[in-house]
Amino acid sequence: MLRTLKTLLVALAVMAIPALASAEEPTKTYPDCGREPTDAEVAAAKGAFQAGNASFNEADYARAIDYWEDAYRRDCTANPLLLNLARAYELAGRKRQAVVALETFLAREPNSGEKDQINRRVDVLKKKIAEEDAAVAALPPPAATGAAAANGAGNAPVEPAPAPQARRSVGPWIVIGVGGVATLVGIGGLTTNKKKLDEATAECGAGGRAECDSQEAIDKGNDARTAMNVSGVLLGVGLAAVAGGVVWAVLDGKRVAKANAASAERGRRLTLLPMLGPKFSGVSLSGSF
């Protein structure tokens with residue numbers, strides 16, 4: 001019994017090493033932003049940003065990071081995205097990359113009103129990183145696993161890898177973003193050209209276009225009416241795109257929830273794992289609940 005207890009303690013210590021050592025993940029920098037994004041890039045970035053928000057609210061931080069990184073790549077002028085990324089990286093256990101994101105934000109927004117607060121966050125994260133590094137350095141070397149095997153640890157029980165999680169598509173959020181831009185442009189066009197049409201009507205007087213003596217006013221009214229028709233079509237297309245994107249997002253959310261629920265159900269099945277060694281044999285009962 002004592003031998004088995006020692007074996008389990010050694011196995012737990014060995015399993016803790018990679019978990020702590022993960023603090024050593026490589027970091028990446030953000031390229032300099034040397035251009036203004038196009039309207040299409042801004043619209044796509046907004047869609048990716050909304051998708052990242054949805055993933056973050058579902059605690060899927062890895063997916064949120066993917067979406068927000070894509071949004072910032074498309075619109076590198078949206079520096080506040082770096083603050084979102086820093087929070088997601090911190091919650092995902094990637095503190096070093098969180099520090100990089102925060103320091104990049106400070107470098108690109110030196111006059112931010114949140115400068116002092118962000119500097120305090122950076123200090124706290126660096127302190128935690130130093131503590132984790134010290135904990136990893138204090139662990140016994142992995143060579144201890146060989147001695148454990150000689151004493152009967154054999155093949156330690158290994159948890160089965162978690163089933164891959166279904167993830168939401170960025171497609172509906174891009175459609176919503178593009179549709180929203182089209183809707184705003186359509187509304188702006190209707191408002192502006194309605195004002196021009198009213199001005200042309202006022203210039204022609206009570207007789208209207210049929211009795212108008214000013215060809216300039218007639219042309220102005222005709223152009224405004226045509227532009228209003230185009231703006232109305234653009235508004236309709238934008239609203240339809242937003243509605244379609246919302247329906248798509250809802251259906252996609254249900255798909256993800258259903259797929260993940262099925263995956264979780266499969267993960268609850270118990271697994272018997274063999275444990276063999278020179279002085280110990282048996283089975284380990286494992287599962288997730």
Side-chain angles (χ1 to χ4, degrees), residues 9-34 37 42 45-142 144 159 161-162 164-165 167-168 170 173 256 260 264 288:
L9 290 174
V10 171
L12 288 173
V14 171
M15 291 171 64
I17 294 174
L20 290 172
S22 63
E24 300 290 340
E25 86 282 357
T27 59
K28 62 179 181 179
T29 58
Y30 297 93
D32 292 336
C33 184
V42 171
K46 289 180 178 178
F49 170 74
Q50 294 296 337
N53 282 349
S55 297
F56 185 89
N57 291 335
E58 294 173 355
D60 189 351
Y61 304 122
R63 190 64 169 175
I65 289 168
D66 289 341
Y67 282 130
W68 286 340
E69 289 281 9
D70 181 60
Y72 193 56
R73 178 181 60 81
R74 295 175 185 274
D75 182 2
C76 59
T77 65
N79 292 322
L81 268 172
L82 292 167
L83 302 180
N84 294 53
L85 282 165
R87 183 58 178 158
Y89 275 121
E90 182 179 355
L91 291 173
R94 300 176 62 182
K95 299 180 183 64
R96 282 179 169 79
Q97 189 62 47
V99 169
V100 172
L102 292 173
E103 291 181 337
T104 302
F105 175 83
L106 291 175
R108 297 183 180 184
E109 298 288 344
N111 298 321
S112 170
E114 302 176 81
K115 182 177 181 179
D116 292 339
Q117 179 183 353
I118 293 172
N119 277 323
R120 287 194 294 271
R121 282 184 63 189
V122 170
D123 291 341
V124 170
L125 286 171
K126 287 183 176 180
K127 182 178 179 181
K128 290 181 179 179
I129 291 170
E131 291 173 351
E132 290 175 357
D133 289 346
V136 171
L139 287 174
E159 288 290 338
Q165 295 288 298
R167 296 180 177 180
R168 297 179 71 118
V170 71
W173 302 104
V256 170
N260 287 338
S288 58

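Quick note: numbers below take in every heavy atom, side chains included, and nothing from hydrogens, waters or symmetry partners.
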Arg87/Leu83 under side chain to side chain contact (heavy atoms under 4.5 Å, CB included): CA gap, chis, key distance, verdict: CA-CA 6 Å; Arg87 183 58 178 158; Leu83 302 180; over 6 Å; no
Residues Lys115, Leu106; criterion side chain to side chain contact (heavy atoms under 4.5 Å, CB included); working and verdict: CA-CA 7 Å; Lys115 182 177 181 179; Leu106 291 175; 4.0 Å; yes
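Contact detail for Thr27 and Gln97: the closest heavy-atom pair is CA-OE1, 3.2 Å. Residues Val100 and Thr29 share a closest heavy-atom pair of CG1-CA, 4.4 Å. In terms of heavy atoms, Trp173 sits closest to Ala51 at CD1-CB, 3.3 Å. When all heavy atoms of Ala62 and Arg167 are compared, the closest pair comes out as CB-NH2, 4.2 Å. Closest heavy-atom contact between Ala64 and Ser55: N-CB, 3.7 Å.
With a 4.5 Å cut-off on side-chain heavy atoms, Asn84 and Tyr72 do not count as touching. For the pair Asn53 and Trp68, the minimum side-chain heavy-atom distance is below 4.5 Å.
Residues satisfying the side chain to side chain contact (heavy atoms under 4.5 Å, CB included) test with Asp75, not counting sequence neighbours, are Pro37, Val42, Ala45, Thr77, Ala78. Checked against side chain to side chain donor-acceptor pair (under 3.5 Å), Glu69 has the following partners two or more places apart in sequence or in another chain: Tyr30, Tyr89. Under the rule for a side chain to side chain donor-acceptor pair (under 3.5 Å), the partners of Arg63 that lie at least two apart in sequence or sit in another chain are Tyr67. Annotation: ring pair (Phe, Tyr, Trp, His ring centres under 6.0 Å) contacts of Phe105 (sequence neighbours excluded): none. For Glu131, there are no side chain to side chain donor-acceptor pair (under 3.5 Å) partners, not counting sequence neighbours.
A salt bridge is absent between Arg168 and Asp60; no separation between the charged side-chain nitrogens and carboxylate oxygens falls under 4.0 Å. Electrostatic pairing of Lys126 and Asp123 does not count as a salt bridge here, judged by no charged N lying under 4.0 Å from a carboxylate O. Using a cut-off of 4.0 Å between Lys/Arg side-chain N and Asp/Glu carboxylate O, Asp70 and Arg74 are scored as salt-bridged.
The line from CG of Leu102 to CG of Leu82 is 8.5 Å long, rounded to the nearest 0.5 Å. Here the CZ atom belonging to Arg120 is positioned 13.5 Å from the CG atom belonging to Leu125, to the nearest 0.5 angstrom. In this structure, CD in Glu109 is found 4.5 Å from CG in Asn79, a value given to the nearest 0.5 Å.
For the salt bridge (charged side-chain N to carboxylate O under 4.0 Å, His left out) criterion with Glu132, the lone passing option out of Lys95, Arg96, Lys127, Arg94 is Lys95.
Judged as a disulfide bond (SG atoms under 2.5 Å apart), the pairs with a partner in residues 76-108 (not counting sequence neighbours) are, in order, Cys33-Cys76.
Residue-environment remark: CG (Asp32) stays at or below the threshold of 12 foreign heavy atoms within 6.0 Å.
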